[in-house]
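One structure below.
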2 protein chains.
Amino acid sequence: MQSMLREYKASIFQALAHPTRIAIVEALRDGEISARTIQERLGIEQANLSQHLAILRSRQIVANRKEGNQVFYSLRNKALVKVLDMMRRYFQAHLAEEVQMLGEIEAEDPARRKERLD
Amino acid sequence: MQSMLREYKASIFQALAHPTRIAIVEALRDGEISARTIQERLGIEQANLSQHLAILRSRQIVANRKEGNQVFYSLRNKALVKVLDMMRRYFQAHLAEEVQMLGEIEAEDPARRKERLD
DNA sequence: TGCGAATATTCGAGAAATCGAATATTCTAA
DNA sequence: TTAGAATATTCGATTTCTCGAATATTCGCA
């Protein structure tokens, strides 16, 4: 019971434990887009994207809607966006501790800095 | 740059992508405890716990403090707790969609239910 | 000193994740 | 109905993860 919940949590984290899948979720942040669009944005192999999407689907993280020839993907649960936002704060707080990076961060353009942390 | 950040995020998610490591982080939620205590609570092999702690250490998720014979672990960044809280909401929202589980959830004792969702 | 407790590391085997290539499926439009 | 576009699935090779067993390290205390 308790452990089942943890396995479930772990499976969600695991689904996000890949740069490509994080990029996918981030791409879906503002609404649904087609698989083709995602592929173009990420610049990866079609089969590979499909595999990653299959993983996100199997974890119920994304929903897909067929429209004619294409498939549109979207986030099933907006709470995940908030999780990612929280993660961003985590990274900010964490990076602040990294002395070596601190210099670069403070030196760079603020707008660029914000963008980089997205 | 953007992709480095994603790899970093992915590495944090990956560090949490195991039930045992989630249990460890949850055990550290209320403050530092010794490795021995964690091991007793989780009921796992000593070597195995040490391996998982090494992973959390390598991702800078936990800090460790030596005191005599034992080592006390703690969370480096409280923001992670908020991430986990957010995840809990995610699970709750998600579980609410799962019709088959809904029956069981509503049928069970409320106190027990809250505990299970932790 | 040296024994025992607490913790960490190394090693090897088995399981799981990842990728591109090849192939399948489903749809549109000619 | 057939060609081609969009997407999904399968396959096999490679890499990464995970575990327990064995071993190492570090510390307190007799």
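Numbered from 1 within each chain, the chains take letters A, B, ... in sequence-line order.
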Value in whole Å for how far the C1' atom of C:dA16 lies from CD1 of A:I55: 11 Å
Distance in angstrom units between B:R36 CZ and C:dG4 C1', rounded: 13 Å
d(CD1, B:I22; P, D:dT18) in whole Å: 12 Å
A:R59 side-chain N/O to A:A54 backbone N/O, donor-acceptor pair under 3.5 Å: no
Pair of N/O donor and acceptor under 3.5 Å linking D:dG20 base with B:Q51 side chain: yes
Most 5' of A:H18 and B:R57 on DNA chain C, judged by nearest nucleotide: B:R57
Hphob cluster co-occupancy, A:L53 + A:I55, side-chain heavy atoms under 4.5 angstrom: no
Touch class at under 4.0 angstrom, heavy-atom based, for A:A35 against every strand present: sugar-phosphate
Length of the line joining A:L49:CG and C:dG20:C1', which is rounded to integer Å: 14 Å
Contact check, side chains of A:Y73 and A:E32, non-hydrogen atoms, under 4.5 Å: no
5'-most by nearest nucleotide on DNA chain C - A:A47 or B:S34: B:S34
Value in whole Å for how far the P atom of C:dA6 lies from CD of B:E40: 8 Å
Touch class at under 4.0 angstrom, heavy-atom based, for A:Q39 against every strand present: nothing
Closest listed nucleotide, where the reference is the side chain of A:Q70 and the choices are D:dA6, D:dT9, C:dC19: D:dA6
Connected via hydrophobic side-chain network under 4.5 Å: A:L28 and A:I12: yes
Any A:H52 side-chain heavy atom under 4.5 Å of A:T20 side chain: yes
Value in whole Å for how far the C1' atom of C:dA17 lies from CZ of A:R59: 11 Å
Contact letters for nucleotides 23-30 of chain C, in which S counts primed atoms plus P, OP1 and OP2 and B counts the base, heavy atoms under 4.0 Å: ---SBS--
Protein-nucleotide distance (A:R21, atom CZ; C:dA17, atom C1'), rounded to Å: 8 Å
Atom pair distance, as rounded to whole Å: CG in A:N48 and P in D:dC11: 18 Å
Sugar-phosphate, base or nothing in reach of B:Y73, heavy atoms under 4.0 Å: sugar-phosphate
C:dC19 OP1/OP2 closer than 4.0 Å to side-chain N/O of A:H52: yes
Backbone of B:A47 reached by a side-chain donor or acceptor of B:S50 within 3.5 Å: no
Closest non-hydrogen atom pair, A:L56 against A:A15: CD2-O, 4.0 Å
